[in-house]
S.K.: 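Below is the structure I would like to discuss, written out as structure tokens.
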Amino acid sequence: MQPFTERVVQIIHSIPPGKIMTYGQIAASAGSPRAARQVVRILHAMSTTQQLPWHRVVNKHGEIALGDPDSAEEQRLRLEEEGITFTLEQRIPLEQYRFEPDLSVEEVSNEE
DNA sequence: AAATTGACCATGG
DNA sequence: TCCATGGCCAATT
């Protein structure tokens with residue numbers, strides 16, 4: 001099985017523009033529902049990689065989780081560019097924008 | 001091999 | 001409802 005990191009990266013790549021996922025959601029899709037913090041660490045490591053849509057990842061409250069205000073603002077601008085509107089509390093309505101991957105990266109032939 | 005990291009999350013006051 | 005605390009997990013050092 002591929003390292004957890006590889007799957008997380010792949011999942012983040014699969015988030016379409018205008019949609020977002022939470023850290024916990026990504027961890028769960030990668031197979032470890034409790035490993036949200038691991039997703040955080042990965043994003044730190046990949047922060048220099050522009051090819052990863054890191055800005056489509058927010059915390060469970062629909063808030064930008066970055067510590068650095070500078071980067072946080074950049075993230076908000078990028079999301080707004082993709083059509084996402086923030087509430088007055090600068091939160092994202094999760095029910096509206098949350099992206100839910102169908103099954104896994106590997107599709108299953110038979111279900112139900 | 002043990003300790004550290006980290007942009008989280010659930011819970012209790 | 002908001003803040004503090006503790007648990008959590010896997011990669012990195």
Side-chain angles (χ1 to χ4, degrees):
Chain A
M1 181 184 288
Q2 292 178 336
F4 186 78
T5 302
E6 289 300 321
R7 276 181 296 169
V8 169
V9 168
Q10 195 169 356
I11 288 167
I12 293 175
H13 271 298
S14 76
I15 307 175
K19 293 285 182 175
I20 56 94
M21 283 183 79
T22 68
Y23 298 92
Q25 222 186 329
I26 291 169
S29 292
S32 296
R34 306 282 174 143
R37 312 192 64 200
Q38 183 63 13
V39 176
V40 169
R41 216 188 50 73
I42 292 167
L43 282 168
H44 266 273
M46 311 294 283
S47 61
T48 56
T49 305
Q50 297 182 349
Q51 301 176 353
L52 189 73
W54 54 271
H55 57 281
R56 309 213 180 108
V57 186
V58 299
N59 71 18
K60 200 176 187 194
H61 303 293
E63 302 164 325
I64 290 175
L66 279 112
D68 300 322
D70 207 32
S71 304
E73 180 172 325
E74 179 184 347
Q75 182 173 9
R76 193 186 77 247
L77 291 176
R78 286 197 187 211
L79 292 173
E80 287 175 344
E81 286 291 322
E82 297 186 351
I84 292 180
T85 58
F86 285 67
T87 68
L88 295 178
E89 297 130 355
Q90 297 184 333
R91 296 204 273 189
I92 296 172
L94 287 176
E95 63 281 0
Q96 185 175 354
Y97 293 110
R98 173 170 11 191
F99 172 63
E100 298 174 13
D102 294 332
L103 291 171
S104 302
V105 183
E106 302 280 337
E107 82 281 3
V108 180
S109 304
N110 55 328
E111 78 265 15
E112 312 205 4

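Bear in mind that the values here come from a model prediction, so they are computed numbers and not experimental data.
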S.K.: Does a sphere of radius 6.0 Å around CD in A:Glu74 hold more than 12 heavy atoms from other residues, nucleotides or ligands, not counting ones at 6.0 Å or beyond?
M.R.: yes
S.K.: How would you summarise protein contacts on nucleotides 4-10 of chain B per nucleotide, using B for base, S for sugar-phosphate only and - for none, with heavy-atom distances below 4.0 Å?
M.R.: -BBBBSS
S.K.: Rounded off to whole Å, could you give me the CZ-to-C1' distance for the A:Phe4 and C:dA11 pair?
M.R.: 10 Å
S.K.: Closest heavy-atom contact between A:Phe99 and A:Met21?
M.R.: O-CG, 3.4 Å
S.K.: So, taking the atom named CD1 in A:Ile92 and the one named OG1 in A:Thr22, what distance separates them when rounded to the nearest 0.5 Å?
M.R.: 11.0 Å
S.K.: Determine yes or no for a side-chain-to-main-chain donor-acceptor pair under 3.5 angstrom, with A:Gln75 supplying the side chain and A:Ala65 the backbone.
M.R.: no
S.K.: So how far is it from A:Met46 CE to A:Gln51 CD, rounded to the nearest 0.5 Å?
M.R.: 9.0 Å
S.K.: Check A:Gly83 against A:Tyr97 and note the closest heavy-atom contact, atom names and distance.
M.R.: O-OH, 3.6 Å
S.K.: Going by atom type alone, with no hydrogens or angles, which donor-acceptor pairs under 3.5 Å involve a side-chain atom of residues 52-60 of chain A and a protein atom two or more places apart or on another chain?
M.R.:
unit_1	atom_1	unit_2	atom_2	d
A:His55	NE2	A:Glu82	OE2	3.1
A:Arg56	NE	A:Glu82	OE1	3.0
A:Arg56	NE	A:Glu82	OE2	3.2
A:Arg56	NH1	A:Ile15	O	2.8
A:Arg56	NH2	A:Glu82	OE2	2.9
A:Asn59	OD1	A:His61	N	3.0
A:Asn59	OD1	A:Gly62	N	3.3
A:Asn59	OD1	A:Glu63	N	3.0
A:Asn59	ND2	A:Glu63	OE1	3.4

S.K.: Looking at residues 88-99 of chain A, who's got a heavy atom less than 4.0 Å off DNA chain B?
M.R.: none
S.K.: For the CD atom of A:Gln10 and the CD1 atom of A:Ile26, what is their distance to the nearest 0.5 Å?
M.R.: 13.0 Å
